[in-house]
S.K.: 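Questions regarding the structure given below will be posed in turn.
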Amino acid sequence: MATTTFGKGCHLHLIDGSAFIFRAFHALPPLTRKSDGLPIGAVAGFCNMIFKMVEDNTGPDAPTHVAVVFDKGSHTFRNDMYDLYKANREAMPEDLRPQIPLTREATLAFNIACKELEGYEADDIIATLSCQARDAGGRVTIISSDKDLMQLVGDGVVMYDAMKSKVIDRDGVFEKFGVFPEHVVDVQALAGDAVDNVPGAPGIGIKTAALLINEYGSLEELLDRAGEIKQPKRREVLTEKRAQIELSKKLVQLDCNTPLDFTLDDLEVRDPDPEALMTFLAEMEFRTLTKRVADKLGVETPAIPEKPAEAAAEAPAAPEAPDFDKARYDCVRDAATLETWVSQIRERGYVAVDTETTSLDEMKAELVGISLCVEPGHACYIPVGHRDGASGDLFGSDTLAEGQMPLDQALAILKPVLEDDAILKIGQNMKYDAKILARHGIEVAPIDDTMLMSYALHGGLHNHGMDLLSETYLGHIPIPIKPLLGSGKSAITFDRVKIDDATRYAAEDADITLRLWQVFKPRLHVARVTTVYETLERPLVPVLGRMEMSGIRVDRDTLSRMSNAFAQKMAGLEAELHELAGESFNVQSAAKVGEILFDKMSLPGGKKTKTGQWQTTSDVLEDLATEHDFPARVLDYRQLQKLKSTYTDALQDHINAETGRVHTSYSIAGANTGRLASTDPNLQNIPVRTEEGRRIREAFVAEPGKKLVSLDYSQIELRILAHIADIPQLKQAFADGIDIHALTASEMFNVPLDEMTPDIRRRAKAINFGVIYGISGFGLARNLRIPRAEAQGFIDRYFERFPGIRSYMDQTVDFAKEHGFVQTLFGRKIHTPEINAKGPHAGFARRAAINAPIQGTAADVIRRAMVRMEPAIADLPAKMLLQVHDELLFEVEETATEATIARAREVMEGAASPAVHLAVPLTVDAGVGANWAEAH
DNA sequence: CTAGAGCGCTCG
DNA sequence: GTACGAGCGCTCTAGC
């Protein structure tokens, strides 16, 4: 019970509980409770902080009153003012959610008041209590580092950043905002907040806002006199966005009149109940803290059961897993047996799934069987499409020895489980199986994917195929598929494999998948890649699956006509080349071309490849082509050859007979940097740079009544470089929409922008790209065809003008050497195992390490856009079809192209937030057309 | 006959 | 010895 009335001499500590645990979660290493793996890192950080305060606060400055304050409810009065408030908040990380109620328990265990109010943010409760305490003559310390609370500082109110052990007073606020606390809301109203989705005044950041507020005295005065501002952009935005700015102020202004159902007196400091506190700490298994608290309270330390530590990320698989015993694998041939598997799955809540089919092409593959696994060693195979090797007849349920269930019956039994929200389906490369099942009307969800888990954990270390993962992380070599299917001409499809053999093979795949999942799952948060996996990898599976199944219409006649035209021209060139060479030879053989050029014709400047063959790459041939016909004609021939074989011919073979469309396949875990890779066919390298090549894109068409719509990020990697390396001139240029290569040229060569020549700009452009690739004098010299010393001079000059670039490169390489990986802005890890190598390897590894965060961040950004795109355009007659690294291609009803562009652009331009606040804008260019050539 | 290495070219 | 990241078609050869 309160014995004193809050007033002069009292000191109130207000702890921002919600903000603290969120920050602790991200800042501290991930701890789990040893007995069951429950994530408790944030709770541990919280308890340590509380205990430290209790210990420290014994002197005259000790608090007399304390409260821990939490957010409650996702809808607050601010959402009534502005429905997009905090609209782009990301879902709470899976490992944090269970820790929130535990933090409340911890507060109560320390016998500290724990306060929250439905529909209010913790900030408003803190504001109200702070005002009340100050008005009563007391002092207040707000334990938080949230800048939104800085408006409350002053008059005996200070903030304290518990993680940095730093007091923030009026001067501290000025340091952060450039204004004193009474004007913080004005600055915030102008600068906005990407994290909370407070709009503010576009183009005005904290610095400019502070400048304006200091000049005009207040936001209201500034808005009234906005017409006087000299800078046209600022004047315009302040005049036109006045309503938005005023709304922003209301959103950031904290409410000092929150209707509380308690008083300050209820917050008086109370001694903890030792028993309750010790019980809680022991339950959490905080060994060190429990002992320290017990010593402090003068009670006995309770025993905490000692269990073997969780396997570390590098440790081999859990030894208790049973051996792979194929005899235990079950072949399911009837409904009753399948039902028993279904009930086992329901008991567990998860199941590993694998499908066997007749083809690697999901759009052509026929389902042959499904395997399931519910615990290591306990797996089954359900044959549904096996055929007699000789006759090709499907085995029926009555066939002796080879009996199997009808496909429809098996799927009908499995469908409810595979689509059940409460049952996790685990697969290795789930996109494949999900597409096969989708073609049979089953939408598999929710899923986990061991291939993608491995990608998040081990990106850059090795590939993520099941055979390799099994051998590396389970110490088990899986049954090879080769002996079952054979190879080459005599290869058979899986439907002709004997059911007994198929059972051993397929059930083992599901078994391995489940075991890999058990190994990888706890390692995700140990390695701090849970969010990467959950936001950048896993959600892409259904999105890409649908894109691939949609496919894109490709006009066979267009390709066929082009093929014929190319063939004619090639025949002419071939004859000409034979004539010039004085012999008949295979023009497609680089070795022969080299011999003729450098041995027979003795042209100068020949270089050998590492196998001793003459090098005949296009840049070598281009140098010779100015003087001789032969190399010039070879170049012509090669261009046509490439277009014909790779594009006009091969693409026709990829047109699906049923859909008339081309269905590529995206590898999610293929590229080290996080980029996707497109295969079978690769639709990410369709020609565009030359006029002739670009015509291939005319064959990629929209259905009648529809259009293709293309949106692509403008200069995304350079923008990310400007942000990461923090280059003021580049950031400013992007903010102002200035031609970035011209700006670079101007800075480097001291040429004013309005006197820029195309050649100077071209050089600067090459340097800009070189920087992204981990520039070297040699590489730039080769690219620009200038002496190496001159190229090195350019690079030196560049580093002089943009010193941040050099330090970014050095820091990135140092980080890689120390940690063995580099990271993107979104936390994706790219391992760099070769970074400490000696010799030429080192150079490669170094440049790759410099490039990876840039290329990888760009890849993360478009992944985020793709995941958000489907819901954003769900109500429009539009489909996302292709991704080409910085471009998304859609097929859209003619009437909806503009709406789609608007919607898609918003998603793409905002894709970094709220996780990352880029210091440069992302901009997107759009195009529409009947075909891809027109749209791009 | 087949698999894989080497070369060269396409894209971002 | 060199720009970063990918996939694929062709030739050529080692090995069945």
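Throughout, a chain's letter reflects where its sequence line sits, starting with A, and its residues are numbered from 1.
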S.K.: Check the distance between B/dC9's P and A/Ile696's CD1 and give it to me in whole angstrom.
M.R.: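 In whole Å, B/dC9 P lies 16 Å from A/Ile696 CD1.
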S.K.: Can you check the A/Leu651 CG to B/dT10 C1' distance for me, whole Å?
M.R.: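 Rounded to whole Å, this separation is 13 Å.
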S.K.: Report the nucleotide, chosen from C/dC10, B/dG12, B/dG8, that has the shortest atom-to-atom distance to any side-chain atom of A/Val884.
M.R.: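 Between C/dC10, B/dG12, B/dG8, the one nearest the side chain of A/Val884 would be B/dG12.
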S.K.: Under 4.0 Å, heavy atom to any atom of DNA chain B: which of residues 674-685 of chain A qualify?
M.R.: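 Under 4.0 Å from DNA chain B: A/Arg675, A/Gln684, A/Asn685.
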S.K.: Do A/Leu624 and A/Phe598 have side chains that get closer than 4.5 Å, going by heavy atoms?
M.R.: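 Side chain of A/Leu624 against side chain of A/Phe598, heavy atoms only: contact under 4.5 Å found.
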S.K.: Hey, is the main chain of A/Leu536 close enough, under 3.5 Å, to the side chain of A/Arg863 for a donor-acceptor pair?
M.R.: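 Yes: the side chain of A/Arg863 pairs with the backbone of A/Leu536.
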S.K.: For atom P, what is the distance between B/dC9 and C/dG1, given to the nearest Å?
M.R.: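 Straight-line distance between the two P atoms is 23 Å.
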S.K.: Look at the side chain of A/Gln588 and decide which nucleotide, out of B/dC7, B/dC9, C/dC10, has an atom nearest to it.
M.R.: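 Output: C/dC10.
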S.K.: Does OP1 or OP2 of B/dC9 have a side-chain N or O of A/Thr646 closer than 4.0 Å?
M.R.: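 It does not, given that no N or O in the side chain of A/Thr646 lies less than 4.0 Å from OP1 or OP2 of B/dC9.
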S.K.: How long is the line joining CG of A/Leu721 and P of C/dG5, in whole Å?
M.R.: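 Rounded to the whole Å, the gap is 16 Å.
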S.K.: Would you classify A/Asp712 as touching base, sugar-phosphate or nothing, given that sugar-phosphate means primed atoms plus P, OP1 and OP2, and contacts are heavy atoms under 4.0 Å?
M.R.: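 No contact.
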S.K.: Under 4.0 Å, heavy atoms only, any strand: does A/Ala766 hit a base, just the sugar-phosphate, or nothing?
M.R.: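 Base, at least one base heavy atom under 4.0 Å.
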S.K.: Would you classify A/Ile775 as touching base, sugar-phosphate or nothing, given that sugar-phosphate means primed atoms plus P, OP1 and OP2, and contacts are heavy atoms under 4.0 Å?
M.R.: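 It contacts base atoms.
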S.K.: Please tell me whether A/Phe794 and A/Phe749 form a close aromatic pair, meaning their ring centres lie under 6.0 Å apart.
M.R.: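 Centroid distance A/Phe794-A/Phe749: below 6.0 Å, so yes.
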S.K.: Heavy atoms only, 4.0 Å cut-off, all strands: where does A/Ile854 land among base, sugar-phosphate and nothing?
M.R.: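 Since no nucleic acid heavy atom lies under 4.0 Å of A/Ile854, the category is nothing.
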S.K.: A/Ser487 has a side chain; which of C/dG5, B/dA3, B/dG12 sits nearest to it?
M.R.: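 Selected nucleotide: B/dA3.
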S.K.: Would you indicate whether the side-chain heavy atoms of A/Ile740 and A/Arg719 approach each other to under 4.5 Å?
M.R.: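 Answer no - side chains too far apart.
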S.K.: Name the residue from A/Asp555, A/Asn931, A/Leu683 that meets the side chain to side chain contact (heavy atoms under 4.5 Å, CB included) definition with A/Phe700.
M.R.: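 Testing each of A/Asp555, A/Asn931, A/Leu683 against A/Phe700, the sole residue satisfying side chain to side chain contact (heavy atoms under 4.5 Å, CB included) is A/Leu683.
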S.K.: So, is A/Thr609 close to the B/dC7 phosphate, meaning a side-chain N or O under 4.0 Å from OP1 or OP2?
M.R.: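 Answer yes for this pair, as a side-chain N or O of A/Thr609 is under 4.0 Å from OP1 or OP2.
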S.K.: With a 4.0 Å cut-off on heavy atoms, is A/Arg694 in touch with a base, just the backbone sugar-phosphate, or nothing at all?
M.R.: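 Contact class for A/Arg694: none.
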S.K.: In whole angstroms, how far is the P atom of C/dC10 from the CG atom of A/Asp649?
M.R.: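 One finds 8 Å between P of C/dC10 and CG of A/Asp649, rounded.
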S.K.: Which of the following nucleotides, C/dG1, B/dC9, B/dC11, is nearest to the side chain of A/Arg847?
M.R.: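 So the side chain of A/Arg847 is nearest to C/dG1.
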S.K.: Rounded to whole Å, please give me the gap between CD in A/Glu595 and C1' in B/dC7.
M.R.: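 Taking atom C1' of B/dC7 as the reference, CD of A/Glu595 is at 14 Å.
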S.K.: By nearest atom, which of the nucleotides B/dG8, B/dC11, B/dA3 is closest to the A/Arg697 side chain?
M.R.: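 Nucleotide nearest to A/Arg697's side chain: B/dC11.
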S.K.: Need to verify one output field. Residue with the more 5' nearest nucleotide on DNA chain C, A/Asn851 or A/Gly843?
M.R.: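 Going by which nucleotide is closer to the 5' end, it is A/Gly843.
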S.K.: When you measure from the side chain of A/Asn656 to the backbone N and O of A/Arg661, does any donor-acceptor pair fall under 3.5 Å?
M.R.: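 Checked: no pair found.
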S.K.: If you look at every strand shown and take non-hydrogen atoms under 4.0 Å, does A/Gln615 touch a base, only sugar-phosphate, or nothing?
M.R.: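 Sugar-phosphate, backbone atoms only, no base.
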S.K.: Closer than 4.0 angstrom, basic N to acidic O: yes or no for A/Asp759 and A/Arg762?
M.R.: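 A/Arg762 and A/Asp759: salt-bridged.
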S.K.: Could you work out which one of C/dT2, C/dA6, B/dG12 sits closest to the side chain of A/Ala671?
M.R.: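 Between C/dT2, C/dA6, B/dG12, the one nearest the side chain of A/Ala671 would be C/dA6.
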S.K.: For A/Pro687, answer base if it contacts any base atom (sugar-phosphate contacts may also be present), sugar-phosphate if it contacts only those atoms, and nothing otherwise; contact means non-hydrogen atoms under 4.0 Å.
M.R.: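 Touches sugar-phosphate only.
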S.K.: May I ask you to evaluate whether A/Thr616 reaches the phosphate of B/dG8, defined as a side-chain N or O under 4.0 Å from OP1 or OP2?
M.R.: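 Result: yes.
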S.K.: Expressed in angstrom and rounded to an integer, what is the separation of A/Phe585 atom CZ from C/dC12 atom C1'?
M.R.: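 Rounded to the whole Å, the gap is 17 Å.
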S.K.: Using a 4.0 Å heavy-atom cut-off across all strands, classify A/Asn783 as base, sugar-phosphate, or nothing.
M.R.: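 Counting heavy atoms under 4.0 Å across all strands, the contact made by A/Asn783 includes a base.
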S.K.: Would you tell me if any nitrogen or oxygen in the side chain of A/Arg638 comes within less than 4.0 Å of OP1 or OP2 on B/dT10?
M.R.: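 No, A/Arg638 has no side-chain N/O under 4.0 Å of OP1/OP2 on B/dT10.
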S.K.: Are A/Phe802 and A/Tyr798 near enough that their ring centres are under 6.0 Å apart?
M.R.: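 Under 6.0 Å, so yes.
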S.K.: Would you say A/Arg782 places a side-chain N or O within less than 4.0 Å of OP1 or OP2 belonging to C/dA3?
M.R.: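 So the side chain of A/Arg782 is within the cut-off, an N or O lying under 4.0 Å from OP1 or OP2 of C/dA3.
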S.K.: Does atom CZ of A/Arg905 have more than 12 heavy-atom neighbours, drawn from other residues, nucleotides or ligands, at distances under 6.0 Å?
M.R.: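 Enclosed: over 12 neighbouring heavy atoms sit under 6.0 Å from CZ of A/Arg905.
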S.K.: Taking B/dA5 as the reference, what is the distance to C/dA3 when you measure between their C1' atoms (whole Å, please)?
M.R.: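 To the nearest whole Å, 24 Å.
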S.K.: For a quick check of understanding: with a heavy-atom distance under 4.0 Å over all strands, which category does A/Ala858 fall into, base, sugar-phosphate or nothing?
M.R.: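 Touches nothing.
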S.K.: A/Gln855 has a side chain; which of B/dG12, C/dT2, B/dT2 sits nearest to it?
M.R.: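 Closest nucleotide among those given: B/dG12.
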S.K.: May I have the distance from A/Leu784 (atom CG) to C/dT2 (atom C1'), rounded to whole angstrom?
M.R.: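 Atom CG in A/Leu784 sits about 15 Å away from atom C1' in C/dT2.
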S.K.: So, OP1 or OP2 of C/dC12: does either fall under 4.0 Å of a side-chain N or O from A/Ser589?
M.R.: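 Yes, because at least one side-chain N or O of A/Ser589 sits under 4.0 Å from OP1 or OP2 of C/dC12.
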S.K.: Is it the case that over 12 heavy atoms from other parts of the model lie below 6.0 angstrom from the CZ atom of A/Arg846?
M.R.: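 Not buried by this count: 12 neighbours or fewer within 6.0 Å.
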S.K.: Classify the nucleic acid contact of A/Phe769 as base, sugar-phosphate or nothing, counting any heavy atom under 4.0 Å across all strands shown.
M.R.: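 Counting heavy atoms under 4.0 Å across all strands, no contact is made by A/Phe769.
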S.K.: Which whole-number value in Å describes the distance from A/Gln883 CD to C/dA6 P?
M.R.: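 Going from A/Gln883 (CD) to C/dA6 (P), I get 14 Å.
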S.K.: From C-beta outward on A/Gln641, which listed nucleotide comes closest to its side chain: C/dC10, B/dC7, C/dG7?
M.R.: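 Of all the options, the side chain of A/Gln641 is nearest to C/dC10.
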